[in-house]
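Throughout, a chain's letter reflects where its sequence line sits, starting with A, and its residues are numbered from 1. Note that the coordinates shown come from a computational prediction; the quantities given were computed from them, not determined experimentally.
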Amino acid sequence: MIYLDNAATTLMKPPQVAEAMLDALRSCANPGRSGHAAARKAGETVYRTREAAASFFGLEPEQVCFTSNATEGLNIALRSLVQRGDRVVISGLEHNAVTRTLAGLGAEPTVVTAPLFDREGWLSAFEKVLSSQTRAVVCLHVSNVFGCVLPIQEIGALCAEREIPFVVDASQSAGLLPVRPSLWNAAFVAMPGHKGLLGPQGTGLLLCRQTAQPLRFGGTGSHSADQAMPEELPERIEAGTLNVPGIAGLGAGIRFLAQQSQDALQKNESRLLQRAVQGLERLAFPVFTGPGQVGVLSFRVPGMDCEQGAEAFARRGIALRAGLHCAPLAHRTGGTLSEGTIRLSLSSLSRPADVEGFLRAALELRRRQS
Amino acid sequence: MYNVYLTLRSVTPGQKASVALRRVGLRHQLLRAPRAIAPGGCAYALALREGDLNRALRLLEQSNVTVQGIYLHLTDGSFERVEP
């Protein structure tokens, strides 16, 4: 199988991820609960990952909170900032993790749109709608449908000038592009652990530059006599037993990335994406592409429903994802809501052979069609 | 013999403190705080030698670790709260 569905989850991980998980499964008890050796090892394992993530993202360890995925992180962030009736400005590329959460909170979102790959257009569109009534701004870094990169640092600066809390969804960028919460003036940055960070499923991070409200209530291994949740992060939002094997694997993924040249990883991913674009264009497949695109490429197979197109690739051993990608708002903005797209997505471990194999399958499909 | 206990609110600042002290080779032990010095319930403590107390406090301050209390472990097994 050629796996090109990395925006859903990365399947190929460095071997040390599984090794760390197995070691944790065999030797780690409950972190922060007991004083025996197995509990201490669990505490150290969790803290090593916290420390690795803090170093990778330029924060302090206590600003790194573990979640089960990016969705949980976004839920915590939005519930910490937004109440019913609040006006929240979001990009027109947001995932259901943002839009459904805001709907559930009864917020009133203002959706900002611009041409997909027009960074200046996005910035100017955000600037136009921000006002003293804006309770929060939520924006993804990289679109999970089109791979366009939004000008996060500049949007963050607009928010800072107006003292508006800024929430970033870094689900598709963490591990592929630099993520710098402090530079972005972000209150919260949410991300999964199982995509670009190369950790296992069931892990995620919420990077917090302000306090957060808990989504879960319960034991934290601290201040047990007090019935209120602790005030301090990370314990405030980490009630219950942590996913220690998952966190151990995530730590291994982050440490692996930290040892690589981020510039080399980005260049490799960018070369592969451009090769996929050129190959598909040569075969006259409609592609959604533009300047600065990262990791994700939406396209269509002429004359085929997107799900049937992805199925045709799957029969040829190519793993892609079709449909709306849990982001109907992004498809509306991109003009692809009625038909959806097929999405090819890369990781830092993708190889040229993966893209060449995909293009051979595309050529075969095209020949069969004609 | 460790005879000073610094209490910390949870395992995260405990680990952070332990890393800061380990980095400069300051001997200590991170452990669950004895019940007598954790009135709010569960907490963590760094046990260290009294002679290392001031150096440890400086290092923890530099690392932004909040120490909740400082206790001398007396020979009769009891604890006495002290001011830094």
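Residues Phe188(A) and Leu206(A) form a side-chain contact, since some pair of their non-hydrogen atoms from C-beta on lies under 4.5 Å apart. Counting only heavy atoms from C-beta outward, the side chains of Val17(A) and Pro14(A) approach each other to under 4.5 Å. With contacts defined as side-chain heavy-atom distances shorter than 4.5 Å, the pair Leu81(A)/Gln210(A) qualifies. Here the side chains of Leu59(A) and Arg209(A) are in contact, with some heavy-atom distance below 4.5 Å. Within the 4.5 Å cutoff, side-chain heavy atoms of Ile152(A) are placed close to those of Trp184(A). With a 4.5 Å cut-off on side-chain heavy atoms, Pro165(A) and Arg135(A) count as touching. Residues Gln260(A) and Ser348(A) are not in side-chain contact: their nearest non-hydrogen atoms beyond the backbone lie 4.5 Å or more apart.
For Arg162(A), the CZ atom sits in a packed shell: over 12 heavy atoms of surrounding residues, nucleotides or ligands are nearer than 6.0 Å. Atom CD of Glu161(A) is surrounded by more than 12 heavy atoms from other residues, nucleotides or ligands within 6.0 Å.
Residues of residues 40-58 of chain A that come within less than 4.5 angstrom of chain B, heavy atom to heavy atom, are Arg40(A), Gly43(A), Glu44(A), Tyr47(A), Arg50(A), Glu51(A) in numerical order. Interface with chain B: from residues 212-244 of chain A, residues Gly221(A), Ser222(A), His223(A), Ser224(A), Ala225(A), Asp226(A), Glu232(A), Leu233(A), Pro234(A), Glu235(A) qualify, criterion being any non-hydrogen pair under 4.5 Å. Annotation: residues 4-12 of chain B contacts chain A through Arg9(B), Ser10(B), Val11(B), Thr12(B) [non-hydrogen atoms, separation under 4.5 Å]. At a heavy-atom separation below 4.5 angstrom, chain A is approached by no residue within residues 46-60 of chain B.
With hydrogens and angles ignored, the 3.5 Å screen pairs a side-chain donor or acceptor of Lys16(B) with a backbone N or O of Ser63(B). Looking only at distances, a side-chain donor or acceptor of Asn75(A) sits under 3.5 Å from a matching main-chain atom of Thr71(A). Under a 3.5 Å cut-off, the side chain of Arg35(B) and the backbone N or O of Ala38(B) do form a donor-acceptor pair. At distances below 3.5 Å, not a single donor-acceptor pair connects side-chain atoms of His36(A) with backbone N or O atoms of Ser34(A). Within the 3.5 Å criterion, the main-chain N or O of Ile76(A) finds a donor-acceptor partner in the side chain of Ser80(A).
Here the shortest heavy-atom pairing between Ile254(A) and Leu205(A) reads CD1-CD1, 4.3 Å.
No hydrogens or angles considered: nothing links the side chains of Asp263(A) and Ser261(A) as a donor-acceptor pair under 3.5 Å.
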